[in-house]
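Worksheet for the structure shown next.
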Amino acid sequence: MLDALVERVKNFFGTSRPAEQMVRTPVVIPKSVHGISRDQVAWQALRTCEALQSRGFKAYVVGGAVRDLLLGVTPKDFDVATDATPQEVKRCQRRAVIIGRRFRLVHVIFGREIIECSTFRALSGAGVRRDAEGRVLSDNVFGEMWEDAARRDFTINALYYDPKTEELYDYHHGFEDLSKRCLRIIGDPIERYREDPVRMLRAIRISAKLGFRIDRSTERPIPKLARLLENIPSARLVDELLKLLTCGHAVACIGRLHEEGLQKALSPLLHTVLSDPEGEKFFMLALKRTDERLSIGKKISPFFLFATLLWPLVLRRWRYNESQKGMSRLAAIHEASVEVLATECHQLSIQRRFQADMHDVWMLQAKLERRTGKAPFSTLQHPRYRAAYDFLRLRSQAGELPEALPDWWESFAESDEDARRTMVEAAQAEARSTAEAARGGRGKLAAEAGEKPRRRRPRRRRRRPSGASSGGNPS
Ligand code: ATP
Ligand code: MG
């Protein structure tokens, strides 16, 4: 795909790059050269453009979608740029909402699909508010198409596709850079990073995702400017962190973040986890698996990623609560989970529903150790069983557990009722015999998994302290 593109670019431009930057006048690239056809564009984006164009406005598909289509990659989403104001866009579309205060945009809604429609932004103006470092805080001053192009981050992200004429408008040699697999920022790199330091993270993500090199002058200032990320609201950073981890090339992104010295500035927690060999091994394995899942079109859940990121902290507290406070396995992990969620989730802006899922996956790690009695049957029915099993498998791959435990669960889940009962009886017998052989010591598997042999104790009635809720029971 790319070879054909390189050939077409060479034929179109010749071998040398035009000397002058065509800032106000774009190069118009015909379909015979760029190769994108209208039916590769999502119908929702086509309809959004049609509605605007039929009312006399300009409307183009822009950004990552055009870039990805040129590279033969399926676009994640489609963005549209127009000269219509947000109110005018809203009037043209059946379902549309204006969002954002600092940067007003329109979301054109088609069921679950959303087309983000932005009005051409002016290059600079009285309406642009900046902080002391030069960071743009708000701007809703609208301008010309060429200004909008100059405001975009990278040359390959500033290509405009007109679905009506099927022509491509290129202001900053994006088409050529694409064929050279080069990520180049538009304008002065330092100034552009100062305006929005998140562009440094975008450079890492986009170059890792596409396997592009970052142009030297685009890359050079990054390590020095990494500190500017400290001024970015944490919710936006967490958003970027998630995008990096779920772009399908997370392992490559982590490597590049490290090289550019951006890890700590992006997330001190990520930096801490990756600085500890045990934590690094586990988290990188999780990311490798995430990349693999995405490459075969499987879904991944943000809560799972957060659960893996915070696991080293939970594990440490779990061990401590058990060995130092004498708590049971289940009570110890419950307390560890509650503590970690309370201290870390606020910083990471993790939504409440994700927190509940993370807690479940962690608690199930202790429950998956129980392979006797009725416990395995109810564990298997848990709505988070599948995620918890995947988590257990990861822990064993990282060397934290023997493989036999996830293997056992894999066969248990695949067996019918009778076979499951036989498996539980066998596990029970095994636990009894190893317990007897070790005279109250631990069975190999159980010990490595942290399972305690069950001792029969006379049942004692427990009184619930007044005012305590049953929610305090970790099980
Ligand atoms: P993808 O959607 O695959 O993650 P993308 O490049 O489309 O990549 P979006 O966040 O969807 O990323 O942004 C759409 C477009 O908006 C970009 O291609 C770029 O032109 C512009 N853009 C986004 N963020 C910035 C930014 N921080 N500074 C300048 N332009 C930006
Ligand atoms: Mg996009």
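Atoms within a ligand are numbered from 1 in the order they appear, just like the ligands themselves. The model shown is predicted, which means the values in this text are computed figures rather than measured ones.
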query: What protein heavy atom is closest to atom 11 (O) of ligand 1, reported as residue, atom name and distance in Å?
result: Asp79 OD2, 3.3 Å
field: Taking atom 13 (O) of ligand 1 as the reference point, the nearest protein heavy atom with its distance
entry: Arg202 NH2, 3.8 Å
- prompt: Taking only residues two or more places apart in sequence or in another chain, which ones pass salt bridge (charged side-chain N to carboxylate O under 4.0 Å, His left out) with Arg384?
  reply: Asp357
What atoms of ligand 1 come closer than 4.0 angstrom to any heavy atom of [X]?
| X | value |
| --- | --- |
| Lys76 | 1 (P), 2 (O), 3 (O), 4 (O) |
| Arg199 | 26 (C), 27 (N), 28 (N), 29 (C) |
| Asp77 | 2 (O), 11 (O) |

query: Taking non-hydrogen atoms only, is Asp196 closer than 4.0 angstrom to ligand 1 via side chain, backbone, both or neither?
result: side chain
With a 4.0 Å cut-off, would you call [X] and [Y] a salt bridge?
| X | Y | value |
| --- | --- | --- |
| Glu344 | Arg317 | no |
| Arg236 | Asp196 | yes |
| Asp68 | Lys209 | yes |
| Glu88 | Arg91 | no |

query: How are the rings of Phe391 and Trp311 set to each other: parallel, tilted or perpendicular (split at 30° and 60°)?
result: perpendicular
query: Out of Met200, Arg152, Arg236, Arg192, whose heavy atom is nearest to atom 15 (C) of ligand 1?
result: Arg152
task: Please determine if Arg289 forms a cation-pi arrangement with Phe304, meaning its NZ or CZ atom is less than 6.0 Å from the six-membered ring centre and no more than 45° off the ring axis.
output: yes
field: Option passing side chain to side chain contact (heavy atoms under 4.5 Å, CB included) with Tyr161 (candidates Leu70, Val80, Leu69, Val41)
entry: Val41
query: Under 2.8 Å from the Mg ion (ligand 2), which protein atoms of type N, O or S occur, listed by chain and number?
result: Asp77 OD1
